[in-house]
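Below is a structure I'd like to ask you about.
As a basis for the values below, the full set of heavy atoms in this structure was taken, side chains included, without hydrogen atoms, waters or symmetry mates.
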Amino acid sequence: MRTTDGWQAAGPTELRRVRLERRDLRPDDIAVRVDYCGVCHSDLHALRTHDQHAEAPLVPGHEFTGVVAGIGSEVTAFSVGDRVAVGNIIDSCGECAMCEAGQENFCHSFPTLTYGGTDRQDGSTTLGGYSREYVVRDAFAHPLPAGLDPAAAAPLMCAGVTVWEPLRSLGVGPGSRVAVAGLGGLGHLAVKMAVALGATTTVISRTQDKRDDARELGAHDLIASTDTQQMAAARDTFDVVIDTISAPHDLAPYLKLVAMDGTLSLLGYLGPVTVEATDLLIGRKKLSSAGSGGRPATAEMLQFCADNSIAADIEILPSSQVDTALDRLRRNDVRYRFVLDMSDLD
């Protein structure tokens with residue numbers, strides 16, 4: 001077994017530094033020295049719901065970049081020293097219709113997650129990227145394109161591909177009218193990508209307080225969702241509304257903004273929702289969702305971001321301050337994504 005240091009859950013709001021075991025390299029494995037790992041709302045949820053008496057430990061982290069530190073005997077796509085990025089999916093069945101379509105994120109037997117998942121060969125629980133080393137199948141690691149800063153690129157592997165998936169599948173491009181509801185870890189990347197794709201892009205926020213931020217990100221306008229006149233004036237305007245709001249909320253006001261035959265795509269909140277059929281009927285509007293992305297889409301997203309100088313707006317903290325990062329994330333005290341510098345684990 002390989003050993004490395006990492007941060008393991010010691011409670012719903014606390015992590016402790018521990019020695020972790022990683023598997024010996026299989027023929028198609030690479031070992032990644034993790035340099036930067038993003039902090040995601042999913043990590044907060046995992047910590048809050050983790051059973052501290054469970055046999056399997058919890059090590060969060062599923063969006064990270066680093067350098068190849070070792071390769072298995074059959075690996076040809078990577079060499080030691082290569083820059084790589086790893087996201088929240090590290091394996092899939094490879095045989096179902098979704099996997100064959102390059103949508104491993106929708107694998108019929110459920111994809112293996114970067115942490116809290118079950119290894120498909122030995123049944124062990126996967127331990128995440130809040131650690132100095134990670135072992136992963138080479139097929140689920142991505143070369144990090146030149147020009148992308150490794151720290152600011154880490155959140156692209158979860159937040160980035162999560163917003164890229166619907167933007168691409170819904171055909172956003174020049175002439176498209178896109179609104180992004182919520183300007184946080186997902187939303188700020190959705191704005192950058194929609195603008196780079198050529199769409200006229202509007203931010204929807206509770207107040208006008210983020211107007212300057214929206215403009216800096218490239219948005220053309222901001223609508224305050226609490227301003228009934230602004231919302232009424234924007235009725236039936238947008239071909240795509242990307243909803244990144246993470247808390248339960250009424251979808252009706254956002255469906256009213258969708259143009260005829262347009263789509264409201266829910267990304268931030270994945271719990272139960274209630275929708276009046278007439279809100280969809282009037283204008284033939286569609287309600288959809290998306291999550292993560294398959295390997296082809298992830299590779300495409302990374303290259304698009306490199307070509308268009310897109311990266312997350314981040315605040316870097318040493319990994320020893322992971323509890324601080326999580327506490328501030330709970331309070332939404334970040335603009336717009338925390339990234340942990342894992343070098344202090346050496």
Report task. Please check if any side-chain donor atom of D344 sits under 3.5 Å from a side-chain acceptor atom of S319, or the reverse. Result ->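 S319 and D344 do have a side-chain donor-acceptor pair below 3.5 Å.
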Query - Polar side chain donor-acceptor pair, Q229 to D227, under 3.5 angstrom - result: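 Checked: Q229/D227 side chains show no N/O donor-acceptor pair below 3.5 Å.
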Query - Polar side chain donor-acceptor pair, R330 to T13, under 3.5 angstrom - result: no
Query raised in the report: Does a salt bridge link E216 with R335, judged by any charged N lying under 4.0 Å from a carboxylate O?
Result: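 Yes, this pair counts.
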**Report entry** Criterion side-chain hydrogen bond (donor to acceptor under 3.5 Å, both in side chains) against Y115, the qualifying member of D43, T125, N88
**Finding:**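 Exactly one pass, corresponding to D43.
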Report task. Look at R177 together with D236 and state whether they make a salt bridge at an N to O cut-off of under 4.0 Å. Result ->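 A salt bridge is absent here (no side-chain N lies under 4.0 Å from a carboxylate O).
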Query raised in the report: Above 12 or not: heavy atoms from other molecules or residues under 6.0 Å from CD of E276?
Result: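 Not more than 12 within 6.0 Å, no.
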Query raised in the report: Charged N to carboxylate O under 4.0 angstrom, D119 versus R26?
Result: yes
Requested in this report: Taking atom NE2 of H108 as the centre, report whether more than 12 heavy atoms of other residues, nucleotides or ligands fall under 6.0 Å from it.
Outcome: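 Counting neighbours around NE2 of H108, more than 12 heavy atoms of other residues, nucleotides or ligands fall under 6.0 Å, so yes.
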Query raised in the report: So with a 6.0 Å cut-off around CZ of R206, is the heavy-atom count from everything else above 12?
Result: no
Requested in this report: Check whether any side-chain heavy atom of F304 sits under 4.5 Å from a side-chain heavy atom of L197, and report yes or no.
Outcome: yes
Requested in this report: Salt-bridge test for D5 and R19: reply yes if a basic N is under 4.0 Å from a carboxylate O, no otherwise.
Outcome: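 Yes.
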**Report entry** CD-CG distance between E74 and D28, expressed to the nearest 0.5 angstrom
**Finding:** 6.5 Å
Query raised in the report: Is a side-chain donor-acceptor pair under 3.5 Å present for S131 with R22?
Result: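 Looking only at side-chain atoms, S131 and R22 do form a donor-acceptor pair, the distance falling under 3.5 Å.
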